[in-house]
Amino acid sequence: MSRLVRMDAAGHSQLADWTGTGAAYDEAAARLREELELGYIAVWDHRDGTATQVRELPLDADLVILRRPIAGG
């Protein structure tokens, strides 16, 4: 099962999960778009120590993590 999680004050909150295409995937993709509009950054965790920033929900991702941008300059 694939998961969409958001890093937050509680550590992380699961926002959605899906298996393949269908209503659950569509709902997860819509939730991802909402969070991106709120300023979150989404990364696809490849589970091998690497990640890719995404703007759309990858169907074959096991885990997509949302986080706020790091402040600084």
Side-chain angles (χ1 to χ4, degrees):
M1 180 171 295
S2 301
R3 298 181 309 136
L4 176 64
V5 299
R6 179 182 59 215
M7 301 305 293
D8 53 29
H12 73 277
S13 299
Q14 183 166 315
L15 303 178
D17 56 52
W18 69 96
T19 304
T21 59
Y25 172 79
D26 293 342
E27 290 172 19
R31 186 66 190 263
L32 174 70
R33 287 189 298 273
E34 291 170 5
E35 297 292 320
L36 292 174
E37 288 177 13
L38 293 173
Y40 280 86
I41 294 172
V43 293
W44 174 5
D45 183 344
H46 297 290
R47 303 291 186 152
D48 64 358
T50 64
T52 304
Q53 186 172 344
V54 295
R55 302 272 315 149
E56 295 181 8
L57 189 63
L59 181 61
D60 56 341
D62 289 332
L63 178 63
V64 176
I65 303 167
L66 292 155
R67 66 171 183 80
R68 288 283 189 188
I70 297 172

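Being a predicted model, the structure only gives us computed values, none of them experimental.
Atom CD of Glu27 sits about 10.0 Å away from atom CG of Asp17, to the nearest 0.5 Å. Here the NE2-CG distance, from His46 to Asp62, works out to 10.5 Å after rounding to the nearest 0.5 Å. Atoms CZ and NE2, on Arg3 and His12 in that order, are 5.5 Å from each other to the nearest 0.5 Å. With values rounded to the nearest 0.5 angstrom, Leu15 atom CG is found 11.5 Å from Ile65 atom CD1. Here OH of Tyr40 is found 4.0 Å from CZ of Arg68. Values are rounded to the nearest 0.5 Å.
Here the closest heavy-atom approach between residue Trp44 and residue Pro58 is recorded as CE3-CG, 3.5 Å. Contact record, Ala42 with Leu66: CB-CD2, 3.7 Å, taken as the closest heavy-atom pair. Of all heavy-atom pairs spanning Val64 and Leu32, the tightest one is CG1-CD1, 4.5 Å. In terms of heavy atoms, Gly20 sits closest to Tyr25 at O-CB, 3.3 Å.
A salt bridge links Arg31 with Glu35: the distance from a Lys NZ or Arg NE/NH1/NH2 to an Asp or Glu carboxylate oxygen falls below 4.0 Å.
Grouping the Ile, Leu, Val, Met, Phe, Trp and Tyr side chains by contacts below 4.5 angstrom, directly or via other members, places Val54 with Leu57. Taking hydrophobic clusters as Ile, Leu, Val, Met, Phe, Trp and Tyr residues chained together by side-chain heavy-atom distances below 4.5 Å, Leu38 shares a cluster with Leu36. Leu63 and Val43 end up in the same hydrophobic cluster when Ile, Leu, Val, Met, Phe, Trp and Tyr side chains are linked at under 4.5 Å.
Residue-environment remark: CD (Glu56) stays at or below the threshold of 12 foreign heavy atoms within 6.0 Å. Counting heavy-atom neighbours within 6.0 Å of Arg47 CZ, excluding the residue itself, gives a total above 12.
Residues passing the side-chain contact (heavy atoms from CB on, under 4.5 Å) test with Thr21, sequence neighbours excluded: Leu59.
Judged by distance alone, the side chain of Ser2 and the main-chain N or O of Ala61 form a donor-acceptor pair under 3.5 Å.
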